[in-house]
Amino acid sequence: MSCIRRVDPRRPHAVTEAGIRRVVLGEGSPHSGPVLRPDTAKKPLRAAEARRCMLAVAHSDRGQLDPHARQAVAAAALLAERDTIVHLLVFGEFDGDAGALGADRLTVITAPPAYAPDAELAMLLALMERDRPLHVFLPDNGLPDGDLGRRLAAATGDTAAAHVVELSADSVASPYLRAGLRRARRALPRIVLLAPDAVDDRLPFIGHGEGARVMPLPMSSAYRDHGTRTLPAMEVGLEEADLIVSAGNGVRDLSGFQALADALGAAVGASRVAVDDGRFSRGQQIGATGKTVSASAYLAFGISGAVQHLQGIKDCRHVIAVNLDASAPLVRRADLSIIDDTKRVAEALLAEVRQARAARSNPEASHD
């Protein structure tokens, strides 16, 4: 008699994000325990009794925390004892899940667009005076969090450590140069400024994630905002652009494409094929062998989507692809795809932009 254990392919299964079918063990098998389905399994709550507090501070970006900021929250959650809650203080709009980040309590300070570090410091000091946190964690990213952490250390006189690359329950380590790269270790200070990737933000638990307490940031500040100057689309660096219109081999009407980019106020990028053909400069090439971009919106016209190009746009928030080939790799990657001729779509979009701007400049005419 065969002792080989066979798995019935018709048993309950779950499909992963990559499209791979995984058989769910547990049902109809004497060798398995209870069923754990990937879609229903939940992380346990981190046990916490509100006696003491750890504070994590970060500025949001488009309503979310970037990976560096999430790591600072994770550091506070990992070092918190059972009687210690994790309080997350966010400057700016926040649409994320504080509990999933490991936080038990959330405070959101709606910050104005103007630069006001003195007002932020005053709010942070008031919160620390009330909650008296054991330790404060911030991402060491220069402006704005790293600057705020250094201002906090100067204002309170508390012990602080910057560029922290290692931390434990009782110590931290920062790199320094002296006869080669070494690390200086010291006792865990009250203010910890974490270097990128010092902590894994994939926690084995979740926080309580209490409802957010939203407070406005006082508008008074010693700093004056002199406003911003809008640069022409061609002068905006691709790495800093928030909106990019990119062309590939499928774009032949360069004048129409450029007119659309100017009308949208977008930076102009290109695929390697379009650059090699001489239609665009090498500085406009996007991809693994060109520039890596992180725009809020990336409009790709006539780009099939080679692996190198997809690597260059992996950090873009929304990708819109215009292509005649519905099976192109970039179409599958895009959040929105338009299967049509690139010239026709560019002309239609340009007409819509001009019409919208005309209606905005003359609202009375739009009602006639």
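All values below were derived from every heavy atom in this structure, side-chain atoms included, with hydrogens, water molecules and symmetry-related copies excluded. What you see is a predicted model; the values in this text were computed from it and never measured.
More than 12 heavy-atom neighbours from other residues, nucleotides or ligands sit within 6.0 angstrom of CZ on Arg105. Applying the 6.0 Å contact sphere to CZ of Arg130 captures more than 12 heavy atoms from other residues, nucleotides or ligands.
Once rounded to the nearest 0.5 Å, the distance linking OG1 of Thr110 with CZ of Phe91 reads 10.5 Å. To the nearest 0.5 angstrom, Leu254 atom CG is 11.0 Å from Lys343 atom NZ. For the atom pair SG of Cys53 and NE2 of His87, the computed distance is 6.5 Å after rounding to the nearest 0.5 Å. Atoms CG and CZ, from Leu260 and Arg354 in turn, are 9.0 Å apart once rounded to the nearest 0.5 Å. If you take CD1 on Ile191 and CG on Leu55, they are separated by 10.0 Å, rounding to the nearest 0.5 Å. Distance check: Asp131 CG to Thr107 OG1 gives 7.5 Å after rounding to the nearest 0.5 Å.
Using a cut-off of 4.0 Å between Lys/Arg side-chain N and Asp/Glu carboxylate O, Arg186 and Asp170 are scored as not salt-bridged.
Formation of a donor-acceptor pair under 3.5 Å by the Ser304 side chain with backbone atoms of Ala328 is not found in this model. Remark: side-chain polar atoms of Ser60 are not paired, donor with acceptor, to backbone N or O of Phe94 under 3.5 angstrom. At least one donor-acceptor pair under 3.5 Å links the side chain of Arg70 to the backbone N or O of Leu65. With His68 contributing its side chain and Leu194 its backbone, the two residues share a donor-acceptor pair below 3.5 Å. Judged purely by atom type and a 3.5 angstrom limit, Asp140 has no side-chain atom pairing as donor or acceptor with the backbone of Gly146. Looking only at distances, no side-chain donor or acceptor of Glu240 sits under 3.5 Å from a matching main-chain atom of Gly237. Between the side chain of Asp104 and the main chain of Gly207, no donor-acceptor pair closer than 3.5 Å is present. Checked by atom type and distance alone, the side chain of Asp277 never pairs as donor or acceptor with a backbone atom of Arg279 at under 3.5 Å. Side-chain N or O atoms of Gln71 include one that pairs as donor or acceptor with a backbone N or O of Asp197 at under 3.5 Å. Remark: the backbone N or O of Leu203 is paired with a side-chain donor or acceptor of Lys43 at under 3.5 angstrom.
Contact of the Tyr298 side chain with the Ile303 side chain is registered, since non-hydrogen atoms from C-beta on lie closer than 4.5 Å. Side-chain contact check for Thr292 versus Gln311: every heavy-atom pair is 4.5 Å or farther apart. The shortest distance between side-chain heavy atoms of Met215 and Met123 falls below 4.5 Å. With contacts defined as side-chain heavy-atom distances shorter than 4.5 Å, the pair His59/Leu148 qualifies. Residues Leu264 and Val353 form a side-chain contact, since some pair of their non-hydrogen atoms from C-beta on lies under 4.5 Å apart. In this structure, Leu152 and Val57 have side chains that are not in contact, with every pair of non-hydrogen atoms separated by 4.5 Å or more. A heavy-atom distance below 4.5 Å is found between the side chains of Asp95 and Gln64. Looking at heavy atoms from C-beta onward, Ile286 lies in side-chain contact with Ile244 at the 4.5 angstrom threshold.
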**Asked** Run the side-chain contact (heavy atoms from CB on, under 4.5 Å) check on Arg317 and Val319 step by step: do they pass?
**Response** CA-CA 7 Å; Arg317 190 170 186 180; Val319 176; over 6 Å; no
**Item:** Worked verdict on Asp145 versus Arg150 for salt bridge (charged side-chain N to carboxylate O under 4.0 Å, His left out)
**Value:** CA-CA 9 Å; Asp145 300 305; Arg150 287 165 174 80; over 6 Å; no
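Here the shortest heavy-atom pairing between Ser327 and Arg332 reads O-NH1, 2.7 Å. The nearest pair of heavy atoms linking Ala155 to Leu121 is CB-CD2, 4.2 Å. Closest heavy-atom contact between Ala72 and Phe137: O-CB, 3.7 Å. A pairwise comparison of heavy atoms in Phe257 and Val268 identifies CE2-CG1, 3.7 Å as the closest pair.
Hydrophobic cluster membership differs between Met54 and Leu101, with clusters built from Ile, Leu, Val, Met, Phe, Trp and Tyr side chains linked at under 4.5 angstrom. The hydrophobic clustering, which links ILVMFWY residues whose side-chain heavy atoms are closer than 4.5 Å, places Val108 and Val73 together.
Of the N and O atoms on the side chains of Glu81 and Thr84, not one donor lies less than 3.5 Å from an acceptor on the other residue. No side-chain N or O of Arg190 forms a donor-acceptor pair with one of Thr159 less than 3.5 Å apart.
The side-chain contact (heavy atoms from CB on, under 4.5 Å) test with Leu299 is passed by exactly one of Ile338, Val345, Leu349, Leu336: Leu349.
Applying the side-chain hydrogen bond (donor to acceptor under 3.5 Å, both in side chains) rule to Thr156 yields the partners Asp158; only residues at least two apart in sequence or on another chain are considered.
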